[in-house]
Every structure is written in C-alpha cells, then in structure tokens.
Amino acid sequence: MDYESVMKLALERGFYFPSCEVYADAQAGFWEYGPSGVGLKNKFLELWRRELVRRDAMMEIDGSQIMSGSVFEASGHLENFADPIIKCAECGSTFRADRIISEAAGIEIPEGAEPAEFDRILSEKGVACPKCKGSFGGAKRFNMMFGVGIGPEGVGAYLRPETCQSIFVDFPRLYKTMRGRLPLGVAQVGKSFRNEIAPRQSLLRLREFYQAEIEVFCNPSRLDEVDKFAEVQDTTIRIQTDGDPVPMTCGQAVDSGAIPNRFVAYYIGILAEFYEKTGINVQRSRFRRLGEKEKAFYADVAFDFEVETATGWLELVACNYRSDYDLSSHAKKSGEKFEVMDNDEKVLPHVFEISMGIDRSLYTILEHSLREDEKNDRTVLSLRPYLSPVHVGVLSLVKKDGLKEKADEIYMQLRRKCDAFLDHSGAIGRRYRRLDEVGAPFAITVDHQTIKDDTVTLRMRDSMEQKRVRISELDSVVAESIAYP
RNA sequence: GCGGAGUUAGUUUAGCCUGGUAGGACGUCAGCUUCCCAAGCUGAAGGUCGCGGGUUCAAAUCCCGCACUCCGCACCA
C-alpha cells in the first residue's frame, strides 16, 4: 500500500497525527500516537518481550531520558554525533562544510575533521556562498543532541540520542546485583531524541522517537560457544553482503562466513523470527552488511535489518557489534570497574546490539497489512489478531427486541479479557467496515436467533465468513483467537 | 539545510487566474427504516480558508515573511 493511504488511515482512525497541531509554532519531527496507535504499539512491544527478552532470559530496565554530559563525553557523542556546518556571513544560509567543499573544490574531507581544517580549505580555495557569493564565517560542529539545563544553574546535560547508554552505565550494578552471567542481554524500551536537520515522512524520521534496544554482553573469546544456536540454525534469513539479498539458513550464514560467528547469528535469527510474527512481509526484507563508510562510529561489524516499503528500503533495526568500545570508554571516564568474571576468566565484555526503531516498525506493519478489497468495496487492515488495537467488535444487528441489551451483556463479559469495542449505531455493513479499518480480526453480532438459543454470529475480517458460536464458548474462542503465537 | 510542489471541515476537494456573505462529496451525530456487509429517508453538528504582516472600502483570492506537509539531495533508528 502507498504512503498516502497509510497516512490517511493513521489520521482518520487514530493511529498517529502531528503533535501540537493546533498551534502555528508546532515544530516538525514530533508526532503523537492516538488510541489505535497505542494499542498497536503496546501489543507490538509485548510480542517483542515474548520473542526476544523472555525467550533469551534478558533483563529489562527503564533508564532516564536526560543523562549527564560525562556519559556523552565517554560515549563519543559529543565528539562524533555532529555535522560540520558553515554559515554565510552575508545571507545567513547554512551549509554542510564537507559537502560544499566537495562540490565547489572537488576535495573530499571527512566530516569528522577539525573545524579549522574546513576553514583552511575554504579560504585556500576561495569558496563562496553558492546563494549570494558572500563569504563564510568559521566552521562549527552542529551536534544533533538536544541540550538541557538542569536546575536553576542550568547544569549541562542531554536528552539521550539512543537508549543504550543507560544500559552500559548500569551494567556493573546489574551484573553484580542481578546475578549476571555472560552472555547477558539487557533490554530497554523508551524515547530517544535527535535534533535532525530535516525530519520527514511522519514516523519514519522523527526528532523524538521510540527505540527498543537490546545490548548483549559477551565474552569475546567464546563467540562460537552458543548452545542455543541450535534453535535458529534452520531459520531462514535473507542476507546481503554484496549484490542481491540471498535467502539462507542461519547455519549456512555462519558456515559461509556471511555472519562472523554463531553468537551474532543466534540474535539475528531470533530477530528474524520476531519480525515474521509481526506480519511484516519478510520476503521483502534483508539483513544488509554495512561497509566501512556506512557504519556508525562505534561499530565493528554492522547489519541493518531493512524492509521494502512504498518509500523504498527502510532501516528498521541496526545490529552492531560494538566490541568493548562502550564499556572501556565508560570505565576510563568514570573510573568504575566494568570487567566481570566469566567462569575463571576476568573479561571486559564485548557488546552486540539490536537497536530497533519502534515507530518505523509500526509504520511498516501498517503499510504491509493495509489492503483495498475492491470486490467488496472496503479497506482492510489485516493485522495479526494479537496486534490489533481492537480484538473484537460487539454489535447488535438491530437495537430493538432486546438485542441491544444482549450485546451490552456480551460486551461486559469480554471487556476486561480483551480489547472489545461495542457498536449499536448504523447499518451492520458500515459497522463491519469500520472494524475492518482498525484491524479488528472478528466481530460478534447479536441477532434474533441469539434470543432463542444463546448463539451469536462470528464474522471474520479477512474472509468475511460467518459462523455461529455459543455465547458460553465466546471466552475461549476469543482467547484462542487473539493469543500470541 | 538546499531545490521543487503544496496547505480550504475528521478525510477528500471546488472556489484563487479575473478580490465582493466559503460549497460539494465521503465520514460523524440524532431519528425513521432495516433479521448480516458502506442501501434509503429526515434532520443536525462541524471552517481562525496553515500563521503573521502588507495592499485595498473589501482578501481563501493579490504581495511579502514564516511554519508545516510531500518529492529530490544530504543525514539517519
């Protein structure tokens, strides 16, 4: 389905919409989840917990969104999470320094170079503002972190640009108090903040966004001693090292060297199994191994999990082998000890990270689930039942003859056991279509026969088929239908 | 941030060129009808015409600035 149709559904059915939209000074890159969006998000995260956190016996934490400056000195974000920019002294236009030098002088300078280096080249080559021919002021680094001032003195701190830093700085306490053993997965769901220059496409590039991150701490000398690898060795993934994505099992990926070890392959395997259960079409996905230039500054080996959408290939998850980059940096900066005992060996653990973009994943689920059923003149959101914001609609065929009251009764019976939605008003077909659009997998309809024999109609969203079910069996029918796989 | 295109009700859109009380469709709500798939009938609600300024007797309409949305570039979860 195309981006516009997903956007229209999101606005009309309460999945998501712009933040602060009644005010003219609302800024780009901030969006709200409405009732349907929250329903989908909560269920998505429950699936994530089941398939990754609980499956691998990980710990989950919930860290602060505001973190001290030292954290980001150690993490490298103050130094590296920034673009070099220059501003024209005449007209005020802002440009990326590395880019304008490449365009005007044909010289490639790494974006991480010192500001003075940019200034030197600019004056040497006499580069002028492409807009007004004015001269440039000095190059600066534009850091993408939002700074915040704490307390009356405004002590400098930052909104975290990724959730994982709290996992790293909490690691010593977690390991000691929670009886940690390597390999240890620590997970976190939460907001991260990046001051993007050009946010775009609603949930796809936000300034404030949700991440579900997992950091697995491991002993780097035991990356192939992973018993649980057997669980995923026959799981098929589509992996791209160079050229087109190639489907292969996790076992084949390790044997062929496409994935460097069983440890990384295990986590990629369970991640692939998770995404299969979200209803995203994994035939249109790939694990793409990143080249040296594309990798983040902290990554040793990196795979992006990408999915084909109406907007092109979209990165949903970054899988980075961060080695001991984070723990050694925090150890050095803080003076805290981050080494742990693994059997009789003292090791500074390495980290493999699964950094998931929740908002992008939810968008993709919507796009891949939405379809136009032209034959029946309806729009259907074929979400997996366990992810649907509304599990079941409860309808009265007509309001009179006690059918309304009977439907109310059934709704009361179900409402605490699942997400039920009660609707009495309008034509039955219209009500079915409304439910189809929010992805409710089925509807229960009370009709005149219900009064006679205590059965109801169960109408299925995808096939529009109907069958009769006893009211006494509804609890178990519903529970079974919306159960997580 | 650059280049391009847009912004009118919940959604979609007419009106803008050529200034003169903002209109339709769908949706929503109430009622009638209706024994299973957007039917029909009656009625109703819903608009700072993105925001601010200017021109004018008068601005959705003309001019300027800004914001936002979309596309391309660049960047990224």
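Here is how names work: the chains are called A, B, and so on, in the same order as the sequence lines, proteins then strands, and each is numbered from 1.
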A:Tyr432 side-chain proximity, nearest of B:C37, B:G10, B:C70: B:C37
Ring geometry between A:Tyr158 and A:Phe72 (parallel below 30°, tilted from 30 to 60°, perpendicular above 60°): perpendicular
Salt bridge present between A:Asp373 and A:Arg433 (N-O < 4.0 angstrom): no
Sugar-phosphate only, base, or nothing, as touched by A:Glu196 at under 4.0 Å among non-hydrogen atoms: base
Sugar-phosphate, base or nothing in reach of A:Ala28, heavy atoms under 4.0 Å: sugar-phosphate
Touch class at under 4.0 angstrom, heavy-atom based, for A:Arg459 against every strand present: base
Touch class at under 4.0 angstrom, heavy-atom based, for A:Lys400 against every strand present: sugar-phosphate
For B:G19, the Watson-Crick or wobble counterpart (both distances under 3.5 Å): none
B:U11 versus B:A67 - spacing of their P atoms, nearest Å: 23 Å
Student check: side-chain heavy atoms of A:Ile471 and A:Lys406 closer than 4.5 Å: yes
Pair A:Asp56, A:Tyr267: side-chain N/O donor-acceptor within cut-off below 3.5 Å: yes
Proximity to the side chain of A:Arg200 - top-ranked nucleotide from B:C70, B:U28, B:C37: B:C70
Sugar-phosphate only, base, or nothing, as touched by A:Glu162 at under 4.0 Å among non-hydrogen atoms: nothing
Sugar-phosphate only, base, or nothing, as touched by A:Val22 at under 4.0 Å among non-hydrogen atoms: base
Strand partner of B:G72, provided both Watson-Crick or wobble distances fall under 3.5 Å: B:C2
Sugar-phosphate, base or nothing in reach of A:Lys399, heavy atoms under 4.0 Å: sugar-phosphate
Sugar-phosphate, base or nothing in reach of A:Ser361, heavy atoms under 4.0 Å: nothing
Shortest side-chain distance from A:Thr457, nucleotide among B:C76, B:C37, B:C36: B:C36
Identified pairing partner of B:C62, criterion: Watson-Crick or G-U wobble below 3.5 Å: B:G54
Side chain of A:Asp377 (C-beta onward), nearest among B:G10, B:A38, B:C36: B:A38
Sugar-phosphate only, base, or nothing, as touched by A:Glu437 at under 4.0 Å among non-hydrogen atoms: base
Side-chain donor/acceptor of A:Asn376 to base of B:C37, under 3.5 Å: no
Pairing of A:Arg160 and A:Glu213 as salt bridge, 4.0 angstrom limit: no
A:Arg378 (side chain) and B:C37 (base): donor-acceptor pair under 3.5 Å: no
Length of the CG-P vector between A:Leu9 and B:U12, whole Å: 12 Å
Sugar-phosphate only, base, or nothing, as touched by A:Tyr3 at under 4.0 Å among non-hydrogen atoms: sugar-phosphate
Touch class at under 4.0 angstrom, heavy-atom based, for A:Leu316 against every strand present: sugar-phosphate
